[in-house]
Chemist: 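Dropping the structure in here first, questions after.
Letters A, B, ... mirror the listed sequences (proteins, then strands); counts begin at 1.
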Amino acid sequence: MTAHDPGQAYNFAYLDEDTKRMIRRAILKGLAVPGYQVPFASREMPMPYGWGTGGVQVTAACLTPDDTLKVIDQGADDTTNAVSIRGFFRRVAGVATTERTAEATVIQTRHRIPETPLTGDQILVYQVPIPEPLRFLEPRETETRRMHALSDYGLMQVRLYEDIARHGEIATSYAYPVKVAGHYVMDPSPIPRFDNPKMHMSAAIQLFGAGREQRIYAVPPWTGVVSLDFDDHPFTASKADHPCAICGATDSYLDEVITDDAGGRMFVCSDTDYCATRQESGHD
Amino acid sequence: MTDTPLLSVRDLEKRYGARIGCTDVSFDLWPGEVLGIVGESGSGKSTLLNCMAGHLAPDRGQVLFDTSDRGLVDTVTMSEPERRMLGRTDWAFVHQNPRDGLRMAVSAGGNVGERLMAVGARHYGRIRDTAEDWLSRVEIDPSRIDDRPRQFSGGMQQRLQIARNLVTGPRLVFMDEPTGGLDVSVQARLLDLLRGLVRRMGLSAVLVTHDLAVVRLLADRLMVMKDGRVVETGLTDQVLDDPRHAYTQLLVSSVLQV
């Protein structure tokens, strides 16, 4: 591939073709077995673990020269992580980038799903720190894999039970476990549980990359994703009970921003593109 | 009494390399019966118990269990999901050390509820009611339902482990030195409780211990093991009062009389 100029020293999208092929194999396997964690030979990337090395590798394997890339970090397009990953791919792949959810074909995200509903032409790539939802319940990898294989998820339910026993409700507010296509329980990465319903029957392909843990998993389009709960304590998609202080939206996930040291605070949309679009169309 | 044994062990053998764990073990366990297995440390009784309960894969032999839907089935060759299902419904396993059988970071209620949730219970209120009921049955104050096992005494931890195991109404309980490490007055209470539960629920049990007083109280029948082999079997009182094998005689005479 030579369609781009400044990255001549690199192959298109940084990774070599063999690596991208290996990652694509893992992605296809992940799509074929929704929610199953596929091991892959994660490469060293020019950024530290924890900054999205898994997501970057998945994005690199998905990108074509015609793609338009959007990168968000906690919903925002303008934070360090998002800006540097966007800059990275502009340089090594020469692809167009955008901050508009609707214009993007590939969206790499850390900890949020955009508020604007995704379409069948889009791929959402999640950065995942810990792919194993059972990790803190069962330390042995051999045992967690067996539990997944046998759908032996009583232990995950015990965790939710403990939440209710201790806090009166399910207090898990992010990385809330979901069951994908009726079999595998999956960690949706640390997105707020407000975003969980957006994964259900999504038109877009959802890919999850964990670089340090060397796992890729996926949710194909139009797949059932159900949040675990109890019959008498059903799942609720919670958010701060305020409208956005800038655009007035009542249906978006909000960040709490401390404005002074006298207890002043405001709640604003965590999705900066959503907020900006609403402001342009006259909401405030 | 029916004419089908609940558990039937045939020629069970487990080797650790060239050494024998246990060998040539065959017996039947009938519904409602408590079988004691005694022997010194290293005689293979724990190996045998773990082979029966599916924790270890035996090298030879069969462990037939009278399943409720298919009758006698060899649990050694049955599939892993089936064996796990048995392990949390019809079977129970009480470890010597409650730390092995409990989740120490999970509250007492969560510990008791785990088996229920593993077989599909999804109603928090009902799980909690059942857990409270079981805590009181094993003489733990139900107000301690949200305490972690670490805050419990050794005897309470052991009783909690028993509640956690019996909550799904198993038909067969494997017990590995259930009174080990407890002082004698706590042992006595625990034995009393176990005896009551076994009789009331009509449980069958395989009880491994080196404590002859425990088997005298709980077991109907006794199996004496030495060097991985069964050297003597019989009714508990018969074996203890009139031991025939030289090793059993030694074992019985070694008990301190107070």
Chemist: State, with a plain yes or no, whether a side-chain heavy atom of A/Q157 is found less than 4.5 Å away from one of B/E114.
Modeler: no
Chemist: Give, as side chain, backbone, both or neither, the part of A/R159 having an atom under 4.5 angstrom from any heavy atom of chain B.
Modeler: neither
Chemist: Name the option with the most non-hydrogen atom pairs under 4.5 Å to chain B; the candidates are A/D232, A/L228, A/L155, A/L160.
Modeler: A/D232
Chemist: With salt bridge (charged side-chain N to carboxylate O under 4.0 Å, His left out) as the test, would you mind laying out the steps for B/R128 and A/E162 before giving the verdict?
Modeler: CA-CA 11 Å; B/R128 205 165 163 83; A/E162 288 291 287; over 6 Å; no
Chemist: Is chain B contacted by the side chain of A/I164, its backbone, both, or neither, given a heavy-atom distance below 4.5 Å?
Modeler: both
Chemist: Sort A/L137 into side chain, backbone, both or neither according to what part of it lies under 4.5 angstrom from a heavy atom of chain B.
Modeler: backbone
Chemist: How are the rings of B/Y124 and A/Y161 set to each other: parallel, tilted or perpendicular (split at 30° and 60°)?
Modeler: tilted
Chemist: Around A/R135, counting heavy atoms of other residues, nucleotides and ligands shown, do more than 12 lie under 6.0 Å from its CZ?
Modeler: yes
Chemist: Tell me, yes or no, whether the heavy-atom count around A/K29 atom NZ, taken from other residues, nucleotides or ligands under 6.0 Å, exceeds 12.
Modeler: no
Chemist: Which one wins on heavy-atom pair count under 4.5 Å against chain A: B/G120, B/A121, B/G125, B/G109?
Modeler: B/G109
Chemist: Answer yes or no: does atom CZ of A/R21 have more than 12 heavy-atom neighbours from other residues, nucleotides or ligands under 6.0 Å?
Modeler: no
Chemist: Taking atom CZ of B/R126 as the centre, does the number of heavy atoms from other residues, nucleotides or ligands within less than 6.0 Å exceed 12?
Modeler: no
Chemist: Can you confirm whether more than 12 heavy atoms, excluding those of A/Y174, are under 6.0 Å from its OH atom?
Modeler: no
Chemist: Return the option, out of B/E80, B/R122, B/R103, with the maximum number of heavy-atom pairs under 4.5 Å with chain A.
Modeler: B/R122
Chemist: So, B/H123 versus A/D231: side-chain donor-acceptor pair below 3.5 Å or not?
Modeler: no
Chemist: Thinking salt bridges, do A/D152 and B/R84 make one under a 4.0 Å N-O criterion?
Modeler: yes
Chemist: Counting only non-hydrogen atoms closer than 4.5 Å, does B/L116 touch chain A with its backbone (N, CA, C, O), its side chain (CB onward), both, or neither?
Modeler: neither
Chemist: Under 4.5 Å from any heavy atom of chain A, what part of B/R88 do you find: side chain, backbone, both or neither?
Modeler: side chain
Chemist: Do other residues, nucleotides or ligands put more than 12 heavy atoms under 6.0 Å from A/D251 CG?
Modeler: yes
Chemist: Identify the two heavy atoms, one from A/A165 and one from B/D146, that lie closest to each other, and give their separation to 0.1 Å.
Modeler: CB-OD1, 3.5 Å
